[in-house]
Amino acid sequence: MPELPEVEVVRRGLQDHVVGRTLARAEFYGTRVARRHLPGAHHLAEQLGGNHVAEARRRGKYLWMVLDTPDGSRHGLITHLGMSGQLLVEDPGAPDEKHLHARFTFDDEGPELRFVDQRTFGGMALSDLDDDGVPEAIEHIAPDPLEAAFDAKAVVAAMKKRHSAVKRALLDQDLVSGIGNIYADEALWRAQVHGERLCSTLTKPTLHRVLDHAREVMLEALGQGGTSFDALYVNVNGASGYFDRSLNAYGQEGRPCRRCGTLIRRESFMNRSSFSCPRCQPRPRTLGR
DNA sequence: AGAAAATCCTGCCTGC
DNA sequence: TGCAGGCAGGATTTTC
């Protein structure tokens, strides 16, 4: 559920509460949180002690802290929140959460940073950084629509060549990153396009419109602190955003479309739910894929 | 090779 | 009351 706006809210929290501090110690509980760190959780913890947090960065749904090591080198600690991951800044005395997977303490003895994750789709890993400061481990992730490096024209051209549903393309993080199920549905509603229409059958201006709406809706959500349906998504202080009040499609089954009044429908697509307006977003005629 | 399905995981909710 | 099953779904792995 955390998509670009929610992850950016967390990044800003790290910026405010963690950047500039020096790690004393990192602890990982269980092996799952570090499963993408191939040398293992023990190795990961060992590498982090004494590291200085220089920056908190983000691409799409990936976060990373740029760390300066005691021996003068630099690397990145990647965090992906998955479905339910949270980074929380808390007093060291606060009781451990049920799903606490990692704890970072600092040499200033100030608040600690914790990684809590109920559904365990999230994870952390250490990676070398490329010349642009992007972890090599996520170099396959495409720029997101809020980055200067984002090239909408190139993405549209790539989409036009794809023989797959436009929603599938929006969710492909190697094509454009940061968009998940919620903002894909919202962008498609705004653009009045059904998500199962094939990219190759849409015009380039239409594809452009879809991408522009994706960017806009994520910016608006960011302005409201992100979207949250329950206590699972929170900022580093445990507070929720309120963009869910502004959703026009996602989770709105049975409610009238705010544009035409037709009741929003829910359909199954890619093993998940898609919400759309039957009138504003007619299904493609040919059910091909 | 490109596209799509299968897989991982826990908690909440519904229906019997 | 309890239990089974469905649902939430991002990214990687496997299959076609």
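Relative to the six-membered ring of A:Trp189, A:Arg259 meets both conditions, a distance below 6.0 Å and an angle of at most 45° to the axis.
The two residues A:Ala137 and A:Ile78 have their closest heavy-atom pair at CB-CD1, 3.8 Å. Closest of all the heavy-atom pairs between A:Leu44 and A:Ala34 is CD2-CB, 3.9 Å. A:Arg21 approaches A:Pro111 most closely through the heavy-atom pair NH2-O, 2.9 Å. Pairing each heavy atom of A:Leu170 with each of A:Gln173, the nearest pair is O-NE2, 4.5 Å.
Rounding to whole angstrom units, NZ of residue A:Lys61 and P of C:dG10 are separated by 5 Å. The CE atom of A:Met159 sits 12 Å away from the P atom of B:dA3 (whole-angstrom rounding). Note: CG (A:Leu171) to C1' (C:dG10) measures 9 Å, nearest angstrom. Taking atom CD on A:Gln173 and atom P on B:dA3, their separation rounds to 16 Å, with Å as the unit. The OH-C1' distance, from A:Tyr183 to C:dG10, rounds to 15 Å in whole Å. Rounded to whole angstrom, the span from the NE2 atom of A:His37 across to the P atom of C:dA11 amounts to 20 Å. Rounded to whole angstrom, the span from the CD1 atom of A:Ile179 across to the P atom of C:dA11 amounts to 11 Å. Look at NZ on A:Lys167: it is 18 Å from C1' on B:dA3, rounded to the nearest Å.
With hydrogens and angles left out, the side-chain atoms of A:Glu267 and A:His194 include a donor and acceptor closer than 3.5 Å.
Using a 4.0 Å cut-off, no side-chain N or O of A:His140 falls inside it from OP1 or OP2 of C:dA11. Between B:dG2 and A:His163, no contact under 4.0 Å exists linking OP1 or OP2 to a side-chain N or O. Contact annotation: A:Ser273 side-chain N/O to C:dA8 OP1/OP2 distance is under 4.0 Å. Regarding contacts with the backbone of B:dC8, every side-chain N or O of A:Arg32 stays at 4.0 angstrom or more from both OP1 and OP2. For A:Arg266, no side-chain nitrogen or oxygen approaches OP1 or OP2 of C:dC7 to under 4.0 Å. Residue A:His99 places at least one side-chain N or O under 4.0 Å from the OP1 or OP2 atom of B:dG11. Put simply, A:Arg119 has no side-chain N or O that comes within less than 4.0 Å of OP1 or OP2 on B:dT7. Dashed line: the shortest gap from a side-chain N or O of A:Lys98 to OP1 or OP2 of B:dG11 is under 4.0 Å.
With respect to A:Glu186 and A:Arg190, no salt bridge is recorded, no charged nitrogen being found less than 4.0 Å from a carboxylate O.
Of the candidate nucleotides B:dT10, C:dG10, C:dT12, C:dT12 has the atom nearest to the side chain of A:Arg36. Taking every side-chain heavy atom of A:Arg168 into account, B:dA4 is the closest of B:dA4, C:dG10, C:dA11.
Remark on DNA chain B: of its neighbouring residues A:Thr120 and A:Met270, the 5'-side contact belongs to A:Met270, judged by nearest-heavy-atom nucleotide. Both A:Arg272 and A:Arg162 lie close to DNA chain B; mapped to their nearest nucleotides by heavy-atom distance, the more 5′-ward contact belongs to A:Arg162.
Among the candidates A:His101, A:Glu27, A:Gln86, A:Glu97, the single residue satisfying the side chain to side chain donor-acceptor pair (under 3.5 Å) test with A:Arg114 is A:Glu97.
Taking the screw axis at each terminus of the helix from B:dG2-C:dC16 to B:dC16-C:dG2 from five consecutive base pairs, the angle between the two is 60° to within rounding of 10 degrees.
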